[in-house]
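Input: a single structure, listed below in structure tokens.
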Amino acid sequence: MRSVLFDQANLEVQAQQRFSLQNSQMLRVGLGPDVLAVKGAMVAYQGDIRFDHQGSGSVGKLLKRMVTNEDVPLMRVSGQGEVFFANQAGHVFLIDLTGDALSVNGTNLLAFDAALEWDINRVKGAGFFTGGLFNTTVSGTGTVALCAVGKPVVLDCSAQPTYVDTQAAVAWSANLAPKVVSSMNLKSMLRGGSGEAFQYAFHGPGFVVVQPFEWEPPSSTDTSGSQS
């Protein structure tokens, strides 16, 4: 059998690292210690692997998950073998945390070491008109895998105020405390607006990662956040 499909570039990449990229759009994680991943992100696995629903872990997290439509439905992946993750053919990026923290748009989260701490945080200024905006903060020592639609750009927020569409922000420095602002006045909003109503406002030492794509805002009738 002959085909360019079987070229070396398309074969599984064997790596010593626990988290490794098979290509720019697929992640391979070698198990031993558990990993937490977004439900639905697994595309293949090899070996003896188990997938379990990951609960909130605390009453505080459970309450946060109940009030937000941007809940992150996680699964715990355990066993011996390799698991492959991807999300809508998005570009995968690995970030190694060394005792620090990262804030992530839950839609862009792919997987991370189960030993890392995580929590759900409400963005300041998010209210009725924004539908409530929450992000996931991951901290500690370990690896986080993000998935961006298209090739992202990293913006420096220290020199001047930086404004990013709430559905295009991938992740940002955890020390930054973004606010939700509107570029529209009420009259324009009532007339239908421009479609660019709300942005995250960042300013301070740190960065924000922006993708060239805007996620669809979550539906106000979505009740998926009630799972524990």
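Atoms OG1 and CG, on Thr136 and Asn121 in that order, are 8.0 Å from each other to the nearest 0.5 Å. Summarising the geometry, atom CG belonging to Asn105 is positioned 11.5 Å from atom SG belonging to Cys147; distances are rounded to the nearest 0.5 Å. From Asp96, atom CG reaches atom OG1 of Thr98 across 8.0 Å, with rounding to the nearest 0.5 Å. Taken to the nearest 0.5 Å, the CG atom of Asn87 stands 10.0 Å off from the CG atom of Leu109.
A 4.5 Å side-chain heavy-atom check between Arg18 and Asp113 finds at least one atom pair inside the cut-off. By the 4.5 Å heavy-atom criterion applied to side chains, Cys157 and Val208 are counted as neighbours. For the pair Gln167/Phe198, no side-chain contact is recorded, criterion being any heavy-atom separation below 4.5 Å from C-beta on. By the 4.5 Å heavy-atom criterion applied to side chains, Leu146 and Val104 are counted as neighbours. In this structure, the side chains of Lys179 and Tyr200 stay at 4.5 Å or more apart for every pair of heavy atoms. Residues Leu74 and Val38 meet the side-chain proximity criterion, which asks for heavy atoms closer than 4.5 Å. The shortest distance between side-chain heavy atoms of Ser103 and Asn135 falls below 4.5 Å.
In the hydrophobic clustering of this structure, Val43 does not group with Val149; members are Ile, Leu, Val, Met, Phe, Trp, Tyr whose side-chain heavy atoms approach within less than 4.5 Å, directly or through other members.
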Exercise for the section: Check the pair Val209 / Val153 against side chain to side chain contact (heavy atoms under 4.5 Å, CB included), numbers first and verdict last. Expected result: CA-CA 6 Å; Val209 183; Val153 171; over 6 Å; no

Practice task
Evaluate side chain to side chain contact (heavy atoms under 4.5 Å, CB included) for Phe112 paired with Thr143, printing each intermediate quantity in order.
Solution key: CA-CA 6 Å; Phe112 57 94; Thr143 301; over 6 Å; no

Exercise for the section: May I have the step-by-step check of side chain to side chain contact (heavy atoms under 4.5 Å, CB included) for Gln54 and Asp52, ending in yes or no? Expected result: CA-CA 6 Å; Gln54 176 66 24; Asp52 295 293; over 6 Å; no

Practice task
Kindly determine whether Gln199 and Val164 satisfy side chain to side chain contact (heavy atoms under 4.5 Å, CB included), including the steps that lead there.
Solution key: CA-CA 5 Å; Gln199 301 86 38; Val164 181; 5.9 Å; no

Problem - ring pair (Phe, Tyr, Trp, His ring centres under 6.0 Å) evaluation trace for Trp172 with Phe202 - result: CA-CA 9 Å; Trp172 55 89; Phe202 299 91; 5.4 Å; yes

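Ala174 approaches Leu102 most closely through the heavy-atom pair CB-N, 3.8 Å. Among all heavy-atom pairs drawn from Asn175 and Pro205, the shortest one is ND2-O, 2.7 Å. Heavy atoms only, all atoms of each residue included: Ser173 and Gly206 are closest at OG-CA, 3.3 Å. In this structure, Thr137 and Ala101 approach most closely via the heavy-atom pair CG2-CB, 4.3 Å.
Contact check on Asp34 versus Arg76 returns a salt bridge, with a Lys/Arg side-chain nitrogen under 4.0 Å from an Asp/Glu carboxylate oxygen.
Summarising the hydrophobic clusters (Ile, Leu, Val, Met, Phe, Trp, Tyr; side-chain heavy atoms under 4.5 Å, direct or chained), the residues clustered with Val29 are Phe19, Leu21, Leu27, Leu31, Val35, Met42, Tyr45, Ile49, Phe51, Met75, Val77, Val83, Phe85, Val92, Leu94, Leu110.
Proximity of a side-chain donor or acceptor of Gln25 to a complementary backbone N or O of Ala89 within less than 3.5 Å is detected. Between the side chain of Gln211 and the main chain of Phe213, a donor-acceptor pair closer than 3.5 Å is present.
The aromatic rings of His91 and Phe93 sit tilted relative to each other, their planes meeting at an angle between 30° and 60°.
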Side-chain donor-acceptor distances from residues 2-17 under 3.5 Å, at least two apart:
unit_1, atom_1, unit_2, atom_2, d
Ser3, OG, Leu5, N, 3.0
Asn10, ND2, Val4, O, 3.4
Asn10, ND2, Leu5, O, 3.1
Glu12, OE2, Gln14, NE2, 3.4
Glu12, OE2, Arg28, NE, 3.2
Gln14, OE1, Arg28, NH2, 3.4

